[in-house]
There are 2 protein chains.
Amino acid sequence: MSETALKQEQPSADRYPSRVGLEPKVSARLDPVVYGSAAMGPLDQKTLDFYQDNGFLHFESLLSSQEIETCVAELQRMRSDESIKVREEAVIEPDSRDLRSIFAVHEISDVMRKLCGHRKLVGIAEQLLGSEVYIHQSRINYKGGFRGKEFYWHSDFETWHVEDGVPAMRTVSCSISLTDNTPHNGPLMLIPGSHHRFVACVGQTPDDHYKSSLRRQELGVPDDESLTRMVQDFGIEAPVGPVGSVTFFECNVMHGSNSNITPLPRSNLFIVFNSLENKPVSPYCGLSPRPNFIGERQNFMSARMLARY
Amino acid sequence: MSETALKQEQPSADRYPSRVGLEPKVSARLDPVVYGSAAMGPLDQKTLDFYQDNGFLHFESLLSSQEIETCVAELQRMRSDESIKVREEAVIEPDSRDLRSIFAVHEISDVMRKLCGHRKLVGIAEQLLGSEVYIHQSRINYKGGFRGKEFYWHSDFETWHVEDGVPAMRTVSCSISLTDNTPHNGPLMLIPGSHHRFVACVGQTPDDHYKSSLRRQELGVPDDESLTRMVQDFGIEAPVGPVGSVTFFECNVMHGSNSNITPLPRSNLFIVFNSLENKPVSPYCGLSPRPNFIGERQNFMSARMLARY
């Protein structure tokens, strides 16, 4: 890419610098949390206020049981499909050869594409972000039973900003449980309210960082002191529920999950909706962007369209 | 030890063979669960029945807050005592140099000795086991925040039988929380009812197995299928509670814990009371017994005496 092209794409200042200093730094969020209004629907003011304060929303029965069943069957099909394991979109557990994640499932699977474009999900994302949305990333996470590894604490925005060039906090993730989530099988844990702070991490991003980071996160990791203060201030929530539960969480909310030694696997479909007014620029780390299947930067089709074709 | 001495010590048949076959095998428990009666006190019949069925009991306020405070302060003192880290009773985390466990704390620390001999704890153990008891093992477990590792599923009895020569299931563990246990910081998980089955594990015990097994369990590990069936049949319980909570659990109940990425450490004092009518014989694996600080085989003083001197 020529220097001129880069200059056009890159905004003048990085409002959320990270991985540039030797010391971690906590600063205030500079963007709104809720961009839309209750008048837009479907969420009422009380629900929007909850999201504003806590950075997440949890729904136990947003989708129909038939929609969920179809999706769970598709998950099983994809897991046993050997041709998927060898794709670049597939991430394998470091110690075993088990499937940990499949990216860009809205492009690989018709069933997943339709679910990613579900009007209820897209409607909520559009209201929270106050605009039409596209899919920055989609993936299935598969945390097997017995030996499922932890995902350490992180803010998704920190990575999407530094490595993908997403400029502002105007992005929301949607996690759909494809297995029962119990307090015991390593459920998603959130620090509610942590999205009001930005934790700049130490370290420098190496080339092709995604190849290792998707297996085991070592950069973009918040420091112990900032995490301790956040948990003291805000506590920890782990929204659990039966298969089909849906959790929306703000791109900068600190989250992670413990290991899973139970025999109960934990799988979810994870969809990242980004505002069409927040398209990525050049990555703030100065390196080449991650591949398109991890951070979309070519196809900005409105997510509304996904369920239609 | 002469062959004659060994023959005297070793009973004619191993009623719970494990680590001898190539296939895992699940068999029925051959020993009672509750040996005492409600008439002995302090537990009533209903509580004894619960233990009989579930293999554990949980108490939130058995000990006074002053007793707990003293014990927590002693834990802090011991953790910062560099002379303890180098003792053979200390176990260090494999990846860091953090303290994971200290064994034989009833011999190392006056405060811990008194708590191990607390009349309420000893009284319950004596009633459950229907006899006077001694301490087979005591230890502090320290699972630090952020990077605390999991303890995989296991039956304590399987190890104590195979490696220490404890003949029968007439042993009870008592875990006293020295930190708040929440659903999020890797609490003890139990499979209630699993103590009615004995899962024989595959593999053969190597010499000095304890040196690695205390860091990371790889032998005496139940197979996936037996675990899956147990969880299907019985479910999982994770008794949590504030600092000072006490959990008694039967020596053969399957238990373990997930990792802990929260900033909240999880420490407990763990006391194993064995019936004086169930003293260890030669280890059933045929090897030398583990050191005395891990499995007592010399000092069979009644636990009642511990609080007195």
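In what follows, every chain begins at residue 1, and chains take the letters A, B, ... in the order their sequences are listed.
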Which heavy atom of A:I261 sits nearest to which heavy atom of B:W153, and what is that distance?
O-NE1, 2.6 Å
Main chain of A:P263, side chain of B:T228: is a donor-acceptor contact present, judged purely on distance under 3.5 Å?
no
As a quick check of understanding, evaluate side-chain contact (heavy atoms from CB on, under 4.5 Å) for B:T262 and A:V231, giving each step before the final call.
CA-CA 8 Å; B:T262 79; A:V231 171; 5.9 Å; no
Could you have a look at B:L264, B:L227, B:I191 and say which one has the most heavy-atom pairs with chain A under 4.5 angstrom?
B:L227
Quick check against the 3.5 Å criterion: does A:N258 have a side-chain atom that pairs as donor or acceptor with the backbone of B:N185?
no
Report the distance from atom NZ of B:K149 to atom CD of A:E150, rounding to the nearest 0.5 Å.
6.0 Å
Below 4.5 Å from any heavy atom of chain A, which atoms of B:T182 appear? Answer side chain, backbone, both or neither.
neither
Determine whether more than 12 heavy atoms belonging to other residues, nucleotides or ligands lie under 6.0 Å from atom CD of B:E225.
no
So with a 6.0 Å cut-off around CZ of B:R229, is the heavy-atom count from everything else above 12?
no
